[in-house]
2 protein chains.
Amino acid sequence: MKIDSRHLEIIAAIVDNGGLTEGAEALGKSQPSVSRTVAMLEARIGARLFEKNRRPLQPTDLCQALAVEGRKVLAANQTASALVKRYVDGKSGVVRVGGTPFFMDGVISGMIAEFQRAYPEIRIEQSYAYAADLSRQLNSNALDVAICPMDPGALPETLEFSALLDGRNVIACSPTHPLAGKPSLRLSEIAPYPWIAPPVESPLYQDLRSILAGIGMTDFKVSFSGGTLASILNILTRSDALTVLPYSVVFMLRRQQALAALPIRINHPERSLGQMWNPLQNDRPSVRRFRRFIDAEFSNLRTTIMKHEQNTLWRR
Amino acid sequence: MKIDSRHLEIIAAIVDNGGLTEGAEALGKSQPSVSRTVAMLEARIGARLFEKNRRPLQPTDLCQALAVEGRKVLAANQTASALVKRYVDGKSGVVRVGGTPFFMDGVISGMIAEFQRAYPEIRIEQSYAYAADLSRQLNSNALDVAICPMDPGALPETLEFSALLDGRNVIACSPTHPLAGKPSLRLSEIAPYPWIAPPVESPLYQDLRSILAGIGMTDFKVSFSGGTLASILNILTRSDALTVLPYSVVFMLRRQQALAALPIRINHPERSLGQMWNPLQNDRPSVRRFRRFIDAEFSNLRTTIMKHEQNTLWRR
DNA sequence: GAGATTATATACCTTCGAGTTATGAAGATA
DNA sequence: TATCTTCATAACTCGAAGGTATATAATCTC
């Protein structure tokens, strides 16, 4: 004797609200509808659910027992509705975000921390990759958002890109480095120092090559490679090595006094740091919320950078 | 965002059975039906429940969470189905049984005990009344079964009656009574003794009147009245009082050596002990089972009485 | 106890979801 | 790449649940 769960809900509603009319109202249905459903159910199971000819409808023992189960169904249903509501409101779910390592570690991870403070039920699945890989992953739906530097001209046509920051890189070193703090610098002055090499797929690596090509160095001394931002910071602060990092990373670390940027302009192709996504695949509410959040955070960051640079100029 | 409980069940079934096809089978539905329901649900809530283009269907996080609720719904449903099944099988429910006091106490209560050993989930609501009242209660659906003496000619036409035992009453006394054990007795010999009077509505009372009228006694000494069987037994065994009781009650108490029946035939109208019920109101499975049980018990009792009487005759 | 009031049941119709079979499409597997 | 499995779609039927309007029956009230 299979019972329809909705019937259990109806029974519970009637019993708990003290009458057919009230039960119907609680369920958002009309009284006749509920009445007929009950009648049908009684006919099917061949048993009364409510005492005959009693005006404040009086549940039978069987009905009471079924109402207990009905309450469980109603409760589960409410929980499920809440789950779905949170999901469609973008307050729960998963966001798969990938990006270039140093930028993720130096800038985005802090923002993710803020995001998760606001939306603790959204899980972030972070991964590292460079632009080409990220594009592939977006296209194959292995990723929801990519955050990386991108030449707008080189954007794959299936993807969309929204710029967040200027994508320029700088030469970074320890604040205690002999070159640090100099108001101006000639390129040739950097020649003696060893380098921490970014990964070869990284735009940072390309920028490093172009810098060194600019001063005629085809060969350069690599003292360290393969590390993530945390390793590089440790090594930079304890050595005279130089490296190339996104300006925003250096900026974010300004409070820790861990890095300095050398006043040398690096020429590189037009390039923005931004988020990239696949417009074809209808993104989840959580993803939409994440993207909006990142936009807002970078909006703040841009004004902070602007103010900071104005102050710096002023003081000079 | 209201969710249909059946959808939760479907989700749970798919997740727990590792696939849409298996889930459909577990639910006893066709695969396309389940597939379409899932598609419809996904469209309604605007979220994927299963990863796109994955062949062993892979539930999303939201889906997993909903499956948890779905399992609760399924469990409640199973419980409810079992409840209903037990009910329609007549293994749970209520039986409202009424009857004449001495017969209920002396005979039926023992059978009810047996019945409840076999069907512990059936609740018995017992009450006491006499034939006229019992008929009324049956007609007004305040009672499921009445067990009482009845002249088949006097049966209300709306009710049905099934005879269980000969309804004769006997004069009962203590086994230590001066008259007990005498092989034969003249009516006049009982004149000196006091009487325990049954309730005036009782057929027992009528029989008592007719006995005394037969020996010309219009006045008789009532030493006790108003008690139930238990009181009467206590008083009988400690006095020389006489009373009128159904033969079956005396028979059932034979083992306790608490009663003796005097060998005096009481004339009374044709009358059977039996059960009475209202055929118009479709009785519950539990009631049907109870009636059948009582029938069977009395069938046994009749043969026991018959054997006992043959033995008694033999021994004389 | 008659009428008023309220609650439940019925009638009648509409609509929508869920069921079916048959078939197509797309991963997974070898 | 061919084949197998699994899921999705198509096209249709059917029944249950929805609604409004209204009848009927219990209970309340005086």
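A, B, ... follow the sequence lines: proteins, then strands. Residue 1 opens every chain.
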Find the distance between [atom1] ([X]) and [atom2] ([Y]) and round it off to the nearest 0.5 Å.
| X | Y | atom1 | atom2 | result |
| --- | --- | --- | --- | --- |
| A/Thr79 | B/Lys72 | OG1 | NZ | 5.0 Å |
| B/Leu62 | B/Phe50 | CG | CZ | 10.0 Å |
| A/Glu25 | A/Gln31 | CD | CD | 11.5 Å |

Let me know the distance between [atom1] of [X] and [atom2] of [N], rounded to the nearest Å.
| X | N | atom1 | atom2 | value |
| --- | --- | --- | --- | --- |
| A/Glu51 | D/dA26 | CD | C1' | 15 Å |
| A/Glu25 | D/dG18 | CD | P | 15 Å |
| B/Leu57 | D/dA8 | CG | C1' | 11 Å |
| A/Glu22 | C/dA7 | CD | P | 6 Å |
| A/Lys29 | D/dT20 | NZ | P | 14 Å |
| A/Leu27 | D/dG18 | CG | C1' | 13 Å |
| B/Ile14 | D/dC7 | CD1 | P | 9 Å |
| A/Leu49 | C/dA9 | CG | C1' | 15 Å |

Whether A/Asp144 side chain and A/Val287 backbone form a donor-acceptor pair below 3.5 Å: no

Exam field: side chain B/Asn17 to backbone B/Gly19, donor-acceptor pair closer than 3.5 Å: no

Residues in contact with DNA chain D, drawn from residues 38-47 of chain A - heavy-atom cutoff 4.0 Å: A/Met40

Pairwise side-chain contact, A/Leu83 with B/Leu66, heavy-atom cut-off 4.5 Å (strictly under): yes

Flag side-chain contact, heavy atom, 4.5 Å: A/Arg284 against A/Tyr87: yes

Closest contact, heavy atoms only, B/Ile122 versus B/Val95: CG2-CG2, 3.8 Å

Which one, [options], comes nearest to the side chain of [X]?
| X | options | answer |
| --- | --- | --- |
| A/Pro32 | C/dT8, D/dA8, C/dT10 | C/dT10 |
| B/Thr21 | C/dT8, D/dC7, C/dA18 | D/dC7 |
| A/Ser33 | C/dA18, C/dT8, D/dG18 | D/dG18 |

What about [X], does its side chain sit under 3.5 Å from the base of [N] through a donor-acceptor pair?
| X | N | value |
| --- | --- | --- |
| B/Arg6 | C/dA18 | no |
| B/Gln31 | D/dA8 | yes |
| B/Arg36 | C/dG19 | yes |

For A/Glu121, the option from A/Lys91, A/Arg86, A/Arg289 that meets salt bridge (charged side-chain N to carboxylate O under 4.0 Å, His left out): A/Arg86

C/dA18 phosphate, OP1 or OP2, under 4.0 Å from B/His7 side-chain N/O: yes

Side-chain N or O of B/Ser35 closer than 4.0 Å to phosphate OP1/OP2 of D/dC7: no

Touch class at under 4.0 angstrom, heavy-atom based, for B/Ser30 against every strand present: base

Inter-axis angle, terminal five-pair segments of the helix from C/dG1-D/dC30 to C/dA30-D/dT1 [nearest 10°]: 50°

A/Leu155, A/Leu159, A/Asn278 screened by side chain to side chain contact (heavy atoms under 4.5 Å, CB included) with A/Ser135, the one that passes: A/Leu159

